[in-house]
Every structure is written in structure tokens, then in C-alpha cells.
Colleague: 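Pasting in a structure now, in C-alpha cells, and then I'll have a few things to ask.
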Amino acid sequence: IWERGVPSTPLLRRAKSGQNAYGTKLNGKYPDLELSYLLTNCYDFTTINSPVLTFDMAYDLEANYDILYVEYSIDGGVNWNLLGSKNSVPNWYSSDRTNASSGSANDCQNCPGGQWTGSNAVFDTYSYNFKANATRETDLTQANNITFRFVFHSDEFI
């Protein structure tokens, strides 16, 4: 359901810069019970001194039911991992809830523990600095085959 074009929803009437934006429905409400991906190109971080993933985003999602998050793969898309956590980077993810932590059988069923949910109608800039977030367990600065995907997941209800 990802589209590229001019947004024309009641909440989002234009892109942050230029005319086009990617969205999960540029002129209306996204569908229920949807799982879809927006994939990036493959990158070689070994040729980049200080790799940073940066994008501008506004969102309007049903809080704690419909979500968006970023994953990465370093094996050609065979395995995907959640990129970052709510507290790993300023303004990275608006929620760290999971279904188990929500205390409700119906709340955050699809939440991986790091996601954007709720509403932010202002285009904010989101940046993930891989050098600053490198740990002994996860140092992606030396990945020579890294791909990202934006994961949109809505539940079955409006």
C-alpha cells in the first residue's frame, strides 16, 4: 500500500520538501489488517566514515494498535532486526510497548517493543547514527550489505 506522490489527507496536505512523499495512502485512510514494507537500497557502510540513517516523517496511526518501525538486514533480507529502541536515540520511536507489557490482550498485539504509534502531524527529522549507537553486540558500521525497511502494521479494526 506504500505510494509515492503528493499527500492529500485532512492531516497531511503536502510533503516537507519538494512535491512527493511516501505514504501508506496518499489520499485517504490506510486499510485495516495490513502488513507492508517500504525497502531501501543496499548500502556498504565500510565506505562511509560515520553512517547515519536520516528521514523526515509525519504520521497518524491508531495509538497502540497501528504501528510503524524500522528494521535492517545484513544477509540479503533473510533475517530482519528491529533498528534501535525508544531510548537509544532522541525521538526514535514514540513507544516501547509490547503486547505482554501493555497488560491487555487486545493492546499492542503487533508491537515489537520499538515503534511509532499515535499521531504527529508535523514532519520531524529522524536520525539514527550508527557510530554513536555501536556496541560490542551490534556494530553495524562495518556492514557491507545492509538494507532497511519501514514496516507498517495495522490491526483488524478502525
Colleague: Do Trp2 and Tyr126 share a hydrophobic cluster, counting only Ile, Leu, Val, Met, Phe, Trp and Tyr and linking them when any side-chain heavy atoms are less than 4.5 Å apart?
Modeller: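 Per the 4.5 Å side-chain linkage, Trp2 and Tyr126 are co-clustered.
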Colleague: Below 4.5 Å, heavy atoms only, C-beta onward: do Pro31 and Ile1 meet side chain to side chain?
Modeller: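 Yes, their side chains come closer than 4.5 Å.
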Colleague: Using 0.5 Å steps for rounding, measure from the CG atom of Leu35 to the CG atom of Asp155.
Modeller: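 Going from CG on Leu35 over to CG on Asp155, the span is 12.5 Å.
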Colleague: Going through the distances and angles, do Tyr72 and Thr138 end up as a side chain to side chain contact (heavy atoms under 4.5 Å, CB included)?
Modeller: CA-CA 12 Å; Tyr72 69 91; Thr138 308; 3.7 Å; yes
Colleague: Quick one: does any side-chain atom of Thr46 pair with a main-chain N or O of Asn144 as donor and acceptor, under 3.5 Å?
Modeller: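 Judged by distance alone, no pair lies under 3.5 Å.
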Colleague: When rounded to the nearest 0.5 angstrom, what is the spacing between CH2 in Trp80 and OG in Ser73?
Modeller: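 One finds 5.0 Å between CH2 of Trp80 and OG of Ser73.
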Colleague: What are the two closest heavy atoms between Thr117 and Tyr65, and how far apart are they?
Modeller: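 Between these two residues, the closest heavy atoms are OG1-N, 4.1 Å.
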Colleague: Does the side chain of Thr125 pick up a donor-acceptor pair with the side chain of Lys16 at under 3.5 Å?
Modeller: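 Thr125 vs Lys16: donor-acceptor pair found between side chains.
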Colleague: Can you name the closest pair of heavy atoms from Leu39 and Arg149 and give their distance?
Modeller: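 Shortest heavy-atom contact: CG-CB, 4.0 Å.
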Colleague: Parallel, tilted or perpendicular, judged at 30° and 60°: which one describes the rings of Trp92 and Phe55?
Modeller: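 Plane angle over 60°, so perpendicular.
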Colleague: I need the Gln109 CD to Ile67 CD1 distance, nearest 0.5 Å.
Modeller: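 Nearest 0.5 Å value for the CD-CD1 distance: 10.5 Å.
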Colleague: List the atom of Gly114, the atom of Leu82, and the distance in Å for their closest heavy-atom pair.
Modeller: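 Minimum heavy-atom contact is O-CD1, 3.6 Å.
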Colleague: Scan side-chain atoms only and decide if Ser95 and Gln115 contain a donor-acceptor pair under the 3.5 Å cut-off.
Modeller: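 Yes, Gln115 and Ser95 have a side-chain donor paired with an acceptor closer than 3.5 Å.
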Colleague: What closest approach, in Å, do Gly76 and Asn145 show between heavy atoms, and which atom pair accounts for it?
Modeller: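 So the minimum-distance heavy-atom pair works out to N-ND2, 3.9 Å.
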Colleague: Is it the case that one hydrophobic cluster holds both Met57 and Val52, taking links as side-chain heavy atoms less than 4.5 Å apart, direct or via other members?
Modeller: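 Met57 and Val52: separate clusters.
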Colleague: Just checking, any donor-acceptor pair under 3.5 angstrom between side chains of Ser154 and Asp32?
Modeller: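 No, Asp32 and Ser154 have no side-chain donor paired with an acceptor closer than 3.5 Å.
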Colleague: Please report the C-alpha distance between Tyr59 and Leu68 in whole Å, then the side-chain angles of each, then the deciding distance to 0.1 Å, and finally whether the side chain to side chain contact (heavy atoms under 4.5 Å, CB included) criterion is met.
Modeller: CA-CA 9 Å; Tyr59 56 92; Leu68 177 77; 5.5 Å; no
Colleague: Are Phe150 and Tyr22 close enough that their ring centers fall under 6.0 Å?
Modeller: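 No - the distance between ring centres of Phe150 and Tyr22 does not fall below the 6.0 Å cut-off.
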Colleague: Same cluster or not: are Phe123 and Val89 linked, directly or through other Ile, Leu, Val, Met, Phe, Trp or Tyr residues, by side-chain heavy atoms under 4.5 angstrom apart?
Modeller: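 No; tracing contacts between hydrophobic side chains, which count when under 4.5 Å, never links both residues.
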Colleague: Carefully, step by step, assess Phe152 and Tyr69 under the rule side chain to side chain contact (heavy atoms under 4.5 Å, CB included).
Modeller: CA-CA 7 Å; Phe152 170 74; Tyr69 53 95; over 6 Å; no
Colleague: What I want to check is whether the side chains of Asn87 and Ser85 have a donor and an acceptor closer together than 3.5 Å.
Modeller: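 No, no side-chain donor-acceptor contact under 3.5 Å.
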Colleague: Which heavy atom of Leu83 sits nearest a heavy atom of Tyr93, and at what distance?
Modeller: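 The pair with the smallest heavy-atom distance is O-OH, 2.7 Å.
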Colleague: More than 12 foreign heavy atoms under 6.0 Å from CG of Asp75: is that the case here?
Modeller: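 Correct, the count exceeds 12.
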Colleague: How many angstroms lie between CG in Asp60 and CG in Asp66, if you round to the nearest 0.5 Å?
Modeller: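 Here the rounded value is 10.0 Å.
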Colleague: Ring centroids only, cut at 6.0 angstrom: are Tyr128 and Phe130 within range, meaning strictly under it?
Modeller: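 Ring centroids of Tyr128 and Phe130 are less than 6.0 Å from each other.
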Colleague: Please report the closest heavy-atom contact between Asn41 and Tyr43, naming both atoms and the distance.
Modeller: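 That would be O-CE1, 3.1 Å.
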Colleague: To the nearest 0.5 angstrom, please state how far the SG atom of Cys111 sits from the CG atom of Asp96.
Modeller: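 One finds 10.0 Å between SG of Cys111 and CG of Asp96.
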Colleague: Inspect the surroundings of CG in Leu26 and state if more than 12 heavy atoms from other residues, nucleotides or ligands are less than 6.0 Å away.
Modeller: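 More than 12 within 6.0 Å, yes.
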Colleague: Quick one: pull up OG1 in Thr24 and NZ in Lys29 and give me the separation to the nearest 0.5 Å.
Modeller: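 Thr24 atom OG1 to Lys29 atom NZ measures 8.5 Å (nearest 0.5 Å).
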